[in-house]
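The structure under discussion appears below in the form of structure tokens.
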Amino acid sequence: MRVFMLLCSLLVLTAGLVWQLGWRLPDAWNPWAPLDVRQPPNWLTHYKLSRLRGDPALCRQTLESSGLRYRAQADSPASANCPLENVWRIEQGQARLSSSFLASCPLAVAYALFERHGLQVVAQQVFGQPVVQVDHLGSFACRNIYNRKQGRLSEHATANALDISGFRLQGGQRIVLAQDWQAGGQKGDFLRRVHRAACDSFSTVLGPDYNAAHHNHFHLDMGRWQVCR
């Protein structure tokens, strides 16, 4: 016990000395520093994303580094079947969107991370050109998982999930999950690499290999579970 207390005292003294000398953790590795979307994801990213859910001020600060075009969305009444709080309308990222979508703050920031450090990087590696449009099937839907009458609410019910169905490249080429996931070749390789990259930013990533319900899209959400399938 005495040895343990001595070690604790030494750690506290060392930390105090380091602080006095002016050494600080880089923000990317400081769990209390705001998430900077310009920096690639690391093992603290999911924790920092979780802090955004109930902190609109921190959310707004983080969105400023996101590169997204966005606008605030008014909270819905608490009496609504699927009330929304701290939700944003995402209008564009580095690539245009097939349409704007509603997003919880963690989902919006995760999308920005994914696009910057995953999607566009993979597009350049595989095709030598950027993605200029992301096609999606929507985010917010007040429903249970798989549209079941009974069961838990889907992450879509809180605008905490986005379904992406395809991409368009600068040269005009279109990549569609429903057609190209199983086709192999360059497009199939691109989609599988994008799927893996998405797992660095989102909590749950489900693709066509997960089940038939996802044959035509990537389901990306910021729920509690870490799943990459």
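Numbers here are sequence positions counted from 1. All values below come from the heavy atoms of this structure, side chains included, with hydrogens, waters and symmetry mates left out.
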Is Arg53 close to Leu107 at the side-chain level, that is, under 4.5 Å between some pair of heavy atoms? no
Are the side chains of Gln173 and Lys187 in touch, meaning some heavy atoms are under 4.5 Å apart? yes
Could you give the distance from CD (Glu85) to OG (Ser76), rounded to the nearest 0.5 Å? 8.5 Å
How long is the straight-line distance from CG of Leu58 back to CG of Leu35, given to the nearest 0.5 Å? 8.5 Å
Minimum heavy-atom distance Cys82-Ala157, with the two atoms named: CB-O, 3.3 Å
Beyond-backbone contact of Ile175 with Leu191, side-chain heavy atoms, under 4.5 angstrom: yes
Under 3.5 Å, side chain of Asp180 to main-chain N/O of Val176, donor-acceptor pair present? yes
Decide yes or no for Ser201 and His117: does some side-chain heavy atom of the first lie under 4.5 Å from some side-chain heavy atom of the second? no
If you take all heavy atoms of Leu113 and Gln39, which pair is closest and at what distance? CD2-O, 3.8 Å
Rounded to the nearest 0.5 angstrom, the CD-CD distance for Gln120 and Gln94 is 5.0 Å
Within the side chain of Gln129, is there an N or O that forms a donor-acceptor pair under 3.5 Å with the backbone of Gln170? yes
For Arg196, salt bridge (Lys or Arg N to Asp or Glu O under 4.0 Å) partners two or more places apart: none
Side chains of His214 and Asn216: do they bring a donor and an acceptor to under 3.5 Å? no
With respect to Phe101, which candidate in Phe140, Tyr111, Tyr70 satisfies the ring pair (Phe, Tyr, Trp, His ring centres under 6.0 Å) definition? Tyr111
Nearest heavy-atom pair of Ala112 and Ser66: which atoms, and what distance? CB-O, 3.7 Å
Is there a path from Leu44 to Trp32 through hydrophobic residues (I, L, V, M, F, W, Y) whose side chains come within less than 4.5 Å of each other? no
Could you state whether Leu97 and Leu63 fall into the same hydrophobic cluster, counting links through intermediate Ile, Leu, Val, Met, Phe, Trp or Tyr residues with side-chain heavy atoms under 4.5 angstrom apart? yes
Is it true that Val122 and Leu119 fall in one hydrophobic cluster, defined by side-chain heavy atoms closer than 4.5 Å? yes
In this structure, are over 12 heavy atoms from other groups packed under 6.0 Å from Arg60 atom CZ? no
Roughly how far, to the nearest 0.5 Å, is the CG atom of Leu84 from the CG atom of Asp75? 8.0 Å
Side chain of Arg51, backbone of Pro31: donor and acceptor closer than 3.5 Å? yes
As a test of understanding, state which of Phe218, Phe114, Phe202 forms a ring pair (Phe, Tyr, Trp, His ring centres under 6.0 Å) with His195. Phe218
Looking only at non-hydrogen atoms, find the nearest pair between Ser139 and Leu162 and report the distance. CB-CD1, 4.2 Å
Rounded to the nearest 0.5 angstrom, the CG-CG distance for Leu177 and Leu137 is 9.5 Å
Give a yes/no verdict on a cation-pi contact between Arg192 and Trp181, requiring under 6.0 Å between NZ or CZ and the six-membered ring centre and an angle within 45° of the axis. yes
Name all residues meeting the side chain to side chain donor-acceptor pair (under 3.5 Å) criterion together with Glu155; count only those two or more places apart in sequence or in a different chain, and write none if there are none. Asn160
Suppose we screen for salt bridge (Lys or Arg N to Asp or Glu O under 4.0 Å). Which residues come up paired with Asp55, at least two apart in sequence or across chains? none
Distance-minimising heavy-atom pair for Lys48 and Pro34: NZ-O, 3.9 Å
Could you work out, with ring pair (Phe, Tyr, Trp, His ring centres under 6.0 Å) as the rule, every residue matching Phe127, not counting sequence neighbours? Phe190
Which residue pairs pass the disulfide bond (SG atoms under 2.5 Å apart) test when at least one of the two sits in residues 159-208, sequence neighbours left out? Cys199-Cys228
I'd like to know if the side chain of Ser65 and the backbone of Asp36 have a donor-acceptor N/O pair within less than 3.5 Å. no
Can you check whether Ser104 reaches Thr158 side chain to side chain, under 4.5 Å on heavy atoms? no
Here the gap from His215 atom NE2 to Gln182 atom CD, rounded to the nearest 0.5 Å, amounts to 10.5 Å
Output, in order, the C-alpha distance, side-chain angles, deciding distance and verdict of side chain to side chain contact (heavy atoms under 4.5 Å, CB included) for Met222 and Leu49. CA-CA 9 Å; Met222 296 305 296; Leu49 285 167; 3.6 Å; yes
Ile164 versus His217: any side-chain heavy-atom pair under 4.5 Å? no
In terms of side-chain heavy atoms, does Ser100 have a donor or acceptor partner in Arg89 at a distance below 3.5 Å? yes
Answer yes or no: is there an ion pair linking Asp135 with Arg174, defined by an N-O contact shorter than 4.0 Å? yes
Is the distance between the ring centroids of His219 and His156 under 6.0 Å? yes
If you define the side chain from C-beta out and look only at heavy atoms, does anything of Val131 sit under 4.5 Å from Arg168? no
Could you tell me whether a side-chain N or O of Thr204 sits under 3.5 Å from a main-chain N or O of Leu220, the two making a donor and an acceptor? no
Partners of Arg96 by side chain to side chain donor-acceptor pair (under 3.5 Å), sequence neighbours excluded? Gln133
Hey, does Gln186 have a side-chain heavy atom less than 4.5 Å from the side chain of Val126? yes
Locate the shortest heavy-atom distance separating Ala28 from Asn42; write the atom from each residue and the value. O-ND2, 2.9 Å
